[in-house]
Amino acid sequence: MEAVTSCIKLYGLEKTTMDNIAEQAGLSRITVYRKYSNRNNLINSFLAYRAEQFNSKIKTKIEGCTSLEQALEMYFWSSAEQAFKDESVRVLVETTHVYKTILNGDDSPIKAAISDTWSPLLDKLSAADANIRSIDKSEVINWIIVMQHNFSSMAIETDCTEEQIRRYIRDFVIPAFIIKTRG
């Protein structure tokens with residue numbers, strides 16, 4: 001996976017080949033094909049690897065959150081911060097392959113990692129908040145996935161400051177989740 005990261009930084013996702021990855025990893029092309037069978041499988045495995053890396057770091061931060069608002073702010077800020085700092089993440093955010101993978105139904109490696117992060121937190125928060133309990137958890141996770149990609153892309157393209165990003169999260173991302181009880 002480190003070889004894939006290096007190749008994406010060097011060539012971009014679309015131009016990275018199995019030969020590039022094999023060479024970078026110090027493996028034969030045949031060995032790489034035996035493990036992944038084709039480029040698409042390798043890229044999907046890489047996306048899952050990167051999503052798991054990010055989500056394992058953020059999971060411990062958001063597990064302690066006592067509100068959905070707090071968890072969303074932490075998560076989306078961390079997503080934008082990683083997109084700024086990590087060139088391979090920037091490349092991934094900017095490609096259509098990633099977006100197609102994100103929306104690839106239940107087989108999405110990114111969706112699985114994000115679901116593993118958010119499902120326990122949503123369960124915990126919904127126990128104390130009927131508004132959260134009334135939302136379909138799988139739809140919340142789908143929305144988080146789409147918004148994480150779009151938000152990271154917007155943050156990269158506009159070169160936002162930290163304060164602008166935090167304001168966008170507070171003013172637009174969080175309100176999209178807040179359900180006002182009709183009285």
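Just so it is clear, the values below take in all heavy atoms, side chains as well, and ignore hydrogens, waters and symmetry mates.
- With rounding to the nearest 0.5 angstrom, the CD atom of Glu52 is 13.0 Å from the NZ atom of Lys57.
- When all heavy atoms of Lys61 and Ser78 are compared, the closest pair comes out as NZ-OG, 4.3 Å.
- Rounded to the nearest 0.5 Å, atoms CD1 (Ile141) and CD1 (Ile114) are 9.0 Å apart.
- Residues Arg166 and Glu162 meet the side-chain proximity criterion, which asks for heavy atoms closer than 4.5 Å.
- Taking all atoms of both residues into account, the shortest heavy-atom contact from Pro120 to Ser115 is CD-O, 4.1 Å.
- Taken to the nearest 0.5 Å, the CD atom of Glu73 stands 13.0 Å off from the CD1 atom of Ile62.
- A donor-acceptor pair is defined here as one N or O able to donate and one able to accept, closer than 3.5 Å; no such pair exists between the side chain of Gln82 and the backbone of Ser79.
- You'll find the side chain of Arg50 reaches within 4.5 Å of the side chain of Thr5, heavy atoms only.
- How far CZ of Phe46 is from CZ of Arg39: 11.5 Å, rounded to the nearest 0.5 Å.
- By the criterion of side-chain heavy atoms lying less than 4.5 angstrom apart, applied directly or through intervening Ile, Leu, Val, Met, Phe, Trp or Tyr residues, Trp143 is grouped together with Ile58 in one hydrophobic cluster.
- In the hydrophobic clustering of ILVMFWY residues, with side-chain heavy atoms under 4.5 Å counting as a link, Ile8 and Leu10 come out apart.
- Considering every non-hydrogen atom in both Trp77 and Ile169, the closest pair reads N-CD1, 3.4 Å.
- Between the CE atom of Met18 and the CD1 atom of Ile30 there is a distance of 11.5 Å, given to the nearest 0.5 Å.
- With a 4.5 Å cut-off on side-chain heavy atoms, Leu125 and Thr66 do not count as touching.
- In this structure a side-chain-to-backbone donor-acceptor pair under 3.5 Å is missing from Thr16 to Tyr11.
- Residues Met1 and Leu42 form a side-chain contact, since some pair of their non-hydrogen atoms from C-beta on lies under 4.5 Å apart.
- A distance-only check finds no donor-acceptor pair linking the side chain of Ser119 to the backbone of Asp116 [under 3.5 Å].
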Show every donor-acceptor pair shorter than 3.5 Å between a side-chain atom in residues 20-28 and any protein atom, with sequence neighbours excluded, or say none if there are none.
{"from": "Asn20", "atom 1": "OD1", "to": "Thr17", "atom 2": "N", "distance (Å)": "2.8"}
{"from": "Asn20", "atom 1": "OD1", "to": "Thr17", "atom 2": "OG1", "distance (Å)": "2.8"}
{"from": "Ser28", "atom 1": "OG", "to": "Thr31", "atom 2": "N", "distance (Å)": "3.1"}
{"from": "Ser28", "atom 1": "OG", "to": "Thr31", "atom 2": "OG1", "distance (Å)": "2.8"}

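- When every heavy atom of Lys124 is checked against every heavy atom of Glu63, the shortest pair comes out as NZ-O, 2.7 Å.
- Residues forming a ring pair (Phe, Tyr, Trp, His ring centres under 6.0 Å) with Tyr75 (at least two apart in sequence, or on another chain): Phe54, Trp118.
- Using a cut-off of 4.0 Å between Lys/Arg side-chain N and Asp/Glu carboxylate O, Arg170 and Glu163 are scored as salt-bridged.
- Tyr49 and Gln53 are linked by a side-chain donor-acceptor pair at a separation below 3.5 angstrom, with hydrogens and angles left out of the test.
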